[in-house]
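Numbering of residues begins at 1 and proceeds along the displayed sequence.
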Amino acid sequence: MEGGTSEPAAPATFLRGEEGASPESARARFERMIRRVQADVCAELEAVEGSGTSNGGGGGALFREDAWTRPGGGGGISRVLQGGRVFEKAAVNVSVVYGVMPPEAYRAARPEAAAAAAAGGDKAGPVPFFAAGISSVIHPVNPFAPTMHFNYRYFETEAPKDAPGAPRQWWFGGGTDLTPSYIIEEDIKHFHSVQKQVCDSYDPSFYPRFKKWCDDYFYIKHRGERRGVGGIFFDDLNDYDQETLLRFATDCADSVLPAYIPIIERRKDTLFTEEHKAWQQLRRGRYVEFNLVYDRGTTFGLKTGGRIESILVSLPLTARWEYDHKPEVGSEEWKLLDTCINPREWI
């Protein structure tokens, strides 16, 4: 899984030859969707950034774009805004990669499937694969404006090189989650209600199932707490037909802006103190801990030689660690920590 080679501009599609032969294939449609969503999210964040006052006067920051290709097949587009008036750092990345995956990469991508295969005596070998996804993390300046992350991806694997004849496997994964420094119930309930509305339009079991999955996934085991207040998360999803799940992933990605932008508009200019900012930086430290120790996407990239700037772009510009820090019981900071330890039902 080679790192990327910088390109002067992104091609119209990263699919080549047989990969891009059918414009109506799931691969081609998913690529078009994630590139559209990337453009939509970046345009909206730049619009908010231009209207913000959280970090003084002057014009708002703009996204920098880096396009890259991968020698083994595919490439990506990284867009990053940093040092802004509203957003300390915001990244919206897309990638479309394919080729042959070494056994260690397959184990990182699908640990449960790989473990089951090993237990059954299957020999590990190179696996032909296709993976496409969009991933974004947005860290605002204001401590009362929450961090937000979303990621939606589509994956296919072929039969291993040493096991011809096995069927192709495909699945979808992703989610959208919120990480505030302070509990503002109006904001959190709005965020969760948007996720639930999308889920309910497909299956009423989706929201409770994916909300719990999110709470469980974003668990910082060594701290005994969650990273934030959750949202939805799912992985290895293939229990509906491919067309339905492609539409579901698309609707989830399209729900990001209506779930998040109203919150940012309400909180970006809220007055705050140095103490509020210090607490935000401590919570950013927890964000770093989760991403570097537990996040499957980050560990997959680090184990497989991916493009390091794209892998670590989710980390905030600044974070803080204090020895044995404990917020005062009953304080607003304590309320956030208590919620991260004891997840709540918001709607």
Side-chain angles (χ1 to χ4, degrees), residues 1 4 7 9-44 65 67-70 72-79 91-101 109-110 127-136 149-159 167-176 194-195 197-203 206 210 232-259 296-297 300 306 310:
M1 298 282 288
E7 300 291 345
T13 177
F14 288 105
L15 299 173
R16 292 290 182 268
E18 183 181 342
E19 303 297 330
S22 172
E24 295 309 309
S25 68
R27 297 181 180 193
R29 292 167 63 195
F30 197 85
E31 181 191 15
R32 291 198 300 272
M33 182 274 283
I34 61 178
R35 293 181 68 165
R36 174 185 59 78
V37 170
Q38 181 188 45
D40 291 347
V41 171
C42 289
E44 187 67 25
E65 177 176 298
W68 52 274
T69 55
R70 176 177 166 272
I77 306 168
S78 298
R79 291 183 180 173
V92 191
N93 295 346
V94 297
S95 62
V96 180
V97 295
Y98 46 89
V100 178
M101 185 190 310
R110 300 198 78 193
V127 178
F129 81 102
F130 171 88
I134 181 168
S135 181
S136 175
H149 157 262
F150 75 92
N151 172 291
Y152 291 98
R153 55 195 177 273
Y154 174 64
F155 219 107
E156 291 180 6
T157 58
E158 304 281 359
R168 171 183 293 183
Q169 295 180 314
W170 59 265
W171 65 94
F172 290 86
T176 306
V194 174
Q195 312 307 312
Q197 184 176 8
V198 175
C199 288
D200 285 354
S201 68
Y202 286 86
D203 186 325
F206 274 5
F210 298 158
I232 61 170
F233 176 86
F234 57 89
D235 207 359
D236 300 332
L237 194 65
N238 59 7
D239 51 359
Y240 279 71
D241 64 273
Q242 192 178 64
E243 176 65 25
T244 296
L245 293 180
L246 177 57
R247 286 190 288 107
F248 175 62
T250 299
D251 287 347
C252 285
D254 283 334
S255 76
V256 166
L257 291 176
R296 279 175 62 173
F300 174 78
S310 298

Working to the nearest 0.5 Å, report the span between CZ of R29 and CD1 of I34. 14.0 Å
Side chain proximity check, W171 to T157, heavy atoms < 4.5 angstrom: yes
Calculate, to the nearest 0.5 Å, the distance between atoms OG and CD belonging to S95 and E31 respectively. 10.0 Å
Shortest non-hydrogen contact from A10 toward I77: CB-CD1, 3.6 Å
Are F206 and Y202 near enough that their ring centres are under 6.0 Å apart? no
Rounded to the nearest 0.5 Å, what separation is found between the CZ atom of F234 and the CZ atom of F172? 8.5 Å
Hey, what do you get for OG1 (T250) to CE (M33), rounding to the nearest 0.5 Å? 4.0 Å
Between T176 and Y152, is a side chain to side chain donor-acceptor pair (under 3.5 Å) present by the stated rule, with each step listed? CA-CA 9 Å; T176 306; Y152 291 98; 2.7 Å; yes
Under-4.0 Å salt bridge between D241 and R247: no
Output, in order, the C-alpha distance, side-chain angles, deciding distance and verdict of side chain to side chain contact (heavy atoms under 4.5 Å, CB included) for L15 and V96. CA-CA 8 Å; L15 299 173; V96 180; 3.9 Å; yes
Between F130 and Y98, how do the two ring planes meet: parallel, tilted or perpendicular, split at 30° and 60°? parallel
Might you point out which heavy atoms bring V198 and S255 nearest each other, and give the distance in Å? CG2-CB, 3.7 Å
